[in-house]
Amino acid sequence: MKSFLVKSMLALSVLFLLLGFIPVGQASVSANSVGTEEKIAAENVTVSDDTYDSFSEDDMIIPDILPTDSLIGPYAEIGPTYPGTNVSMRIGDILYSTKTLGGSSKIVGHVGIVNSNFNVVHVTPGENGGVIDNLTTYMARHGKGETIKVYRPRDGRGVNAAKWATNNYSRVNEYFINPFSKLSTISPNYCSKFIWQAFYYGEGFDFVGTHSSADVIGFVIPAEVTISSNFVYVTSFTAR
């Protein structure tokens, strides 16, 4: 435990320096990209329980042609509504909170992804690795009243990212923020890099926009989800 805390403090020291050079904000949403009464088509996509034994760049699913208008598509199953809202959960949604889980610091933030059971897959220091929580448990890991924002992948994507995360979260058996490790490293890992991996290997794109390969040394902060052109902010709710 002492060794884990020492490593985490060293990593966070580096993180302070990095955050000074990375802009943090929220992506703007046009009236054409999402509406408060978004219509959902009846066609659904079901995520299977197939398990990956390993992953590499060969596992990536790369669309031949990406839609030019980048509208949210109705390709994922929809589930119950987020607490206190009329917005339905959808497979592939990213849940973003500015604070660390169970703490009051706004240094790092946290992200998780909604899977086919409408649970949240994420990597957390609370479990020292990967875990799947139902929404009630996920909210309980936050401070009461803390805001959790929902970002939705554009173009109907997100299903395969959620599938990848569900099939690989158990391989993360240590939580550690190392800004000098390769993006392909599955363990140790941290929340935002794991979500980056889910979209890179599951959907075939780098939502940061600057990482050409998973074999390079790289760092991903949770707030990069909020400024990525690949996601749209749809709603927020508070932890209970």
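Bear in mind the structure is a predicted one, so any value in this text is a computation, not a measurement. Both backbone and side-chain heavy atoms feed into the values below; hydrogens, waters and symmetry mates do not.
- Note that the OG atom of Ser187 and the OH atom of Tyr169 stand 14.0 Å from one another [nearest 0.5 Å].
- Under a 3.5 Å cut-off, the side chain of Ser236 and the backbone N or O of Thr147 do not form any donor-acceptor pair.
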Pair Val234-Arg90, side-chain contact (heavy atoms from CB on, under 4.5 Å): steps then yes or no: CA-CA 11 Å; Val234 292; Arg90 190 180 291 182; over 6 Å; no
Should Val120 and Ile113 be marked as a side-chain contact (heavy atoms from CB on, under 4.5 Å) after you check the CA-CA gap, both sets of side-chain angles, and the distance that decides it? CA-CA 5 Å; Val120 186; Ile113 187 169; over 6 Å; no
With side-chain contact (heavy atoms from CB on, under 4.5 Å) as the test, would you mind laying out the steps for Val87 and Phe237 before giving the verdict? CA-CA 10 Å; Val87 177; Phe237 59 97; over 6 Å; no
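- For the pair Lys193 (side chain) and Ile177 (backbone), a donor-acceptor distance under 3.5 Å is absent.
- The CD1 atom of Ile94 lies 11.0 Å from the CG atom of Asn230; values are rounded to the nearest 0.5 Å.
- The CD atom of Glu174 sits 11.5 Å away from atom OG1 of Thr185, with the distance rounded to the nearest 0.5 Å.
- Ser228 places no side-chain N or O within 3.5 Å of a backbone atom of Val225 that could act as its donor or acceptor partner.
- The side-chain heavy atoms of Tyr175 and Val123, taken from C-beta on, include a pair separated by under 4.5 Å.
- Judged by distance alone, the side chain of Asp155 and the main-chain N or O of Arg157 form no donor-acceptor pair under 3.5 Å.
- In this structure, the side chain of Tyr190 engages the main chain of Val220 through a donor-acceptor pair within 3.5 Å.
- Distance check, rounded to the nearest 0.5 Å: CH2 of Trp196 to CD of Glu224 gives 11.0 Å.
- Using a distance-only test at 3.5 Å, with no hydrogens or angles considered, a donor-acceptor pair links the side chain of Glu203 to the main chain of Asn160.
- Partner of Phe199 under the ring pair (Phe, Tyr, Trp, His ring centres under 6.0 Å) criterion, chosen from Trp164, Tyr151, Phe194, Phe231: Phe231.
- For His122 and Tyr138, the gap between ring centers is short of 6.0 Å.
- Side-chain atoms of Arg154 come within 3.5 Å of backbone N or O of Ser229 as a donor-acceptor pair.
- Asn168 and Tyr201 form no side-chain donor-acceptor contact under 3.5 Å, judged by distance and modelled atom types alone.
- The nearest pair of heavy atoms linking Pro153 to Gly158 is CG-CA, 4.0 Å.
- Between Thr166 and Ser116, the closest side-chain pair of non-hydrogen atoms is not below 4.5 Å.
- No side-chain donor-acceptor contact under 3.5 Å links Asn119 to the backbone of Ile132.
- To the nearest 0.5 Å, atom OH of residue Tyr82 and atom NZ of residue Lys149 are 15.0 Å apart.
- Rounding to the nearest 0.5 angstrom, the gap separating the CG atom in Asn86 from the OG1 atom in Thr235 is 7.5 Å.
- The shortest heavy-atom contact between Ser192 and Val111 is CA-CG2, 3.6 Å.
- Although no hydrogens or angles enter the test, the distance criterion places no donor-acceptor pair under 3.5 Å between the side chain of Asp93 and the main chain of Arg152.
- Using a 3.5 Å distance cut-off with no hydrogens or angles, the side chains of Asn189 and Gln197 do pair a donor with an acceptor.
- No path of Ile, Leu, Val, Met, Phe, Trp and Tyr side chains, each step under 4.5 Å between heavy atoms, connects Val131 with Phe176, placing them in separate hydrophobic clusters.
- Considering Thr124, Thr98, Ile148 in turn, Thr124 is the only one that fulfils the side-chain contact (heavy atoms from CB on, under 4.5 Å) rule with His110.
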